[in-house]
Amino acid sequence: MNLDFRPYHIIIFGASGFTGQFVVEEVARTASEGPKGSLKWAVAGRNRAKLEKVVEQAAGALSKPELKSEVDILVADVSDLDSLAVMCKQAVIVLSCVGPYRFFGDPVVKSCVENGAHCIDISGEPQFLESMQLNYHDQAAGNGVYIVGSCGFDSIPADMGVIYTRDQFKGTLTAVESFLTASAGPEGGCIHDGTWQSAIYGLADSNKLRSLRKKFGHKPLPVVGPKIKRRGTLFYSNELQQYAIPFMGTDPSVVKRTQRYLTEELNESPVQYGAYVGVGGISNIFKLVFAGLMFFFFVKFSFGRNLLIKFPEFFSFGFFSKAGPTRKQMEGSSFRFIFLGEGYTEGSDPSEGKPNGKIRTLVKGPEVGYVATPIAMVQAALTMLNESDSLPNTGGVYTPGATFAKTTLIDRLNKHGIQFSLVHLKPDH
């Protein structure tokens with residue numbers, strides 16, 4: 001990765017958006033971790049005045065007044081391809097913070113591929129992520145460009161969590177289930193409306209995703225060990241001591257793509273994966289079922305979608321809001337992923353008998369949307385800058401797990417508050 005001839009290591013595009021502003025702070029906070037101890041970076045977006053304000057806010061929040069004179073501001077707009085090209089030519093990596101990505105993501109990826117900039121985004125939209133792979137993988141590979149989507153809370157903790165669990169297991173890991181719980185502090189918590197919109201459009205378009213997947217012509221991945229059992233739509237989880245449902249986010253699709261890469265490109269044994277999320281006690285279930293039914297009903301019609309988009313607080317019981325969470329709410333919130341894995345210990349034959357080894361790992365961290373996501377995204381970028389020799393052999397469109405399996409990303413995340421640890425199992429008596 002030739003870092004010398006481009007003026008910036010990182011350009012944050014969409015820096016004045018709700019998530020973008022927190023990415024700006026995180027880049028400013030970690031600039032000393034850049035190549036040779038200093039990171040050259042800039043912010044970009046449509047509106048210069050808003051970008052100036054974001055840099056000023058970051059300078060205040062971090063007590064770094066020098067940011068106001070040091071950080072360059074570039075004006076670029078997804079609807080103006082020339083402005084994107086000018087931006088992409090100046091960056092080693094573009095951090096794309098312009099969601100919903102189904103509307104604004106494609107031109108950024110295209111411009112990065114054509115102008116030799118790597119691109120990292122925090123999309124949680126499988127349809128966008130997989131269509132980028134379908135449309136740009138070969139061209140990116142040819143140009144030596146890495147396009148790595150879903151580098152936020154979707155889906156670095158899950159994707160790297162499965163890899164971490166596999167690396168900690170002595171033998172052949174065959175299946176992992178993850179159980180996610182997120183907790184809010186006394187102030188409560190919520191997620192900004194942009195994520196809600198992505199979910200609305202994603203569900204409305206789920207048929208398109210199925211037809212997109214057919215175009216890859218993938219062979220099914222080999223199943224090693226017994227086939228993982230799918231759990232019900234709502235069940236009591238002994239692991240969490242609360243009710244749980246299948247996780248509706250991007251994680252299962254991203255983990256599967258990573259396992260496909262590791263199996264087909266690196267001849268590693270694939271891990272089956274199931275993802276679940278805790279929803280708490282009975283009172284939460286009524287809310288959830290009610291909100292879910294309304295959501296699934298309204299999302300089918302454009303009139304219904306407009307209502308969902310207009311009144312996120314109402315339809316999600318305050319879980320999503322147009323204002324997004326306050327800093328106080330963020331400070332009080334956190335997440336925990338428990339990973340339960342099984343497999344065959346060293347010396348056992350995975351083609352015979354039942355798995356005879358179990359493992360339990362934990363990934364935990366701060367508030368998911370605006371603390372953990374910027375940390376994950378920025379550490380992914382710093383890893384890419386500092387450890388280019390450990391990335392996949394050629395450029396292309398990759399998942400975080402495929403990109404970073406051989407790097408120190410997990411160690412870097414551990415130092416920044418997204419912690420991966422092995423939980424020792426008590427032997428069964």
Side-chain angles (χ1 to χ4, degrees), residues 6-34 38-101 103-105 107-108 111-112 115 117-122 151-152 192-195 197 321-331 367 369-371 373-382 385:
R6 297 201 164 209
Y8 308 109
H9 294 122
I10 287 174
I11 294 177
I12 304 162
F13 181 53
S16 56
F18 193 80
T19 311
Q21 60 184 336
F22 296 105
V23 175
V24 170
E25 285 182 23
E26 189 58 28
V27 168
R29 206 178 275 125
T30 52
S32 64
E33 295 171 36
S38 79
L39 191 72
K40 301 190 291 257
W41 63 285
V43 296
R46 281 183 304 201
N47 181 319
R48 180 175 286 275
K50 277 188 183 168
L51 292 165
E52 282 169 357
K53 196 174 156 210
V54 162
V55 173
E56 200 170 306
Q57 263 179 334
L62 302 174
S63 311
K64 291 189 170 186
E66 68 277 8
L67 291 178
K68 286 184 279 193
S69 55
E70 284 174 8
V71 178
D72 289 343
I73 292 174
L74 311 177
V75 175
D77 186 336
V78 286
S79 60
D80 173 0
L81 297 180
D82 292 343
S83 73
L84 287 184
V86 168
M87 171 182 79
C88 291
K89 284 189 171 83
Q90 297 183 70
V92 178
I93 304 176
V94 171
L95 298 188
S96 172
C97 302
V98 289
Y101 289 88
F103 299 133
F104 308 119
V108 184
S111 188
C112 282
N115 295 290
H118 309 300
C119 183
I120 289 177
D121 75 43
I122 44 179
C151 283
H192 185 255
D193 164 53
T195 300
Q197 288 186 28
S321 88
K322 283 192 186 302
T326 62
R327 295 208 176 227
K328 262 234 151 19
Q329 285 180 324
M330 290 180 203
E331 281 162 22
E367 187 276 333
Y370 315 103
V371 186
T373 286
I375 290 170
M377 184 185 218
V378 172
Q379 289 306 314
L382 289 166
L385 288 167

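Side chains are part of it too, since the values below use all heavy atoms of this structure and drop only hydrogens, waters and symmetry mates. The structure displayed is predicted, hence computed values, not measured ones.
- In this structure the side chain of P107 reaches within 4.5 angstrom of the side chain of L81, judged on heavy atoms.
- Using a 3.5 Å distance cut-off with no hydrogens or angles, the side chains of Y8 and D72 do pair a donor with an acceptor.
- A distance of 12.0 Å separates CD1 of I11 from NZ of K40, quoted to the nearest 0.5 Å.
- Counting heavy atoms from C-beta on, the side chains of L95 and V27 come closer than 4.5 Å.
- A parallel orientation is assigned to the rings of F18 and H192, their planes being inclined by less than 30° (bins at 30° and 60°).
- Rounded to the nearest 0.5 Å, atoms CE (M87) and CG (D77) are 10.5 Å apart.
- Annotation for V108 and C119: closest pair CG1-SG, 4.4 Å, computed over non-hydrogen atoms.
- Side-chain atoms of S69 come within 3.5 Å of backbone atoms of E66 as a donor-acceptor pair (strictly under, hydrogens ignored).
- Looking at L39 and T30, their side chains never come closer than 4.5 Å, going by heavy atoms from C-beta outward.
- Open room surrounds NZ on K50; 12 or fewer heavy atoms of other groups in view lie less than 6.0 Å from it.
- Among all heavy-atom pairs drawn from L67 and W41, the shortest one is CD2-CZ2, 4.0 Å.
- Classification of R29 and E26 as a salt-bridged pair holds, one side-chain N sitting under 4.0 Å from a carboxylate O.
- Of all the heavy atoms in C88 and R6, the pair that sits closest is O-NH1, 2.8 Å.
- The closest side-chain heavy-atom distance from N47 to L51 is not below 4.5 Å.
- Distance check: T195 OG1 to I122 CD1 gives 8.5 Å after rounding to the nearest 0.5 Å.
- Scanning all heavy atoms of the two residues, the minimum distance from A15 to V54 falls at O-CG1, 3.7 Å.
- Separating the CD1 atom in I12 from the CD atom in Q21 is a distance of 11.5 Å, to the nearest 0.5 Å.
- Contact record, A42 with V71: CA-CG1, 4.2 Å, taken as the closest heavy-atom pair.
- Judged purely by atom type and a 3.5 angstrom limit, K68 has no side-chain atom pairing as donor or acceptor with the backbone of A59.
- Inspection of the Q329 and E367 side chains reveals no N or O donor paired with an N or O acceptor under 3.5 Å.
- Residue F13 is tested with V43, V78, D121 for a side chain to side chain contact (heavy atoms under 4.5 Å, CB included); the sole match is V78.
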Side chain to side chain contact (heavy atoms under 4.5 Å, CB included) between F103 and V98, worked out: CA-CA 9 Å; F103 299 133; V98 289; over 6 Å; no

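- Contact check for H9 versus I93: no side-chain heavy atoms found under the 4.5 Å cut-off.
- Rounding to the nearest 0.5 Å places SG of C151 at 11.5 Å from CD of Q379.
- Considering every non-hydrogen atom in both K64 and A28, the closest pair reads NZ-O, 3.0 Å.
- Taking CD of Q90 as the reference point, atom CG of N115 lies at 10.5 Å (rounded to 0.5 Å).
- The closest side-chain heavy-atom distance from S96 to F104 is not below 4.5 Å.
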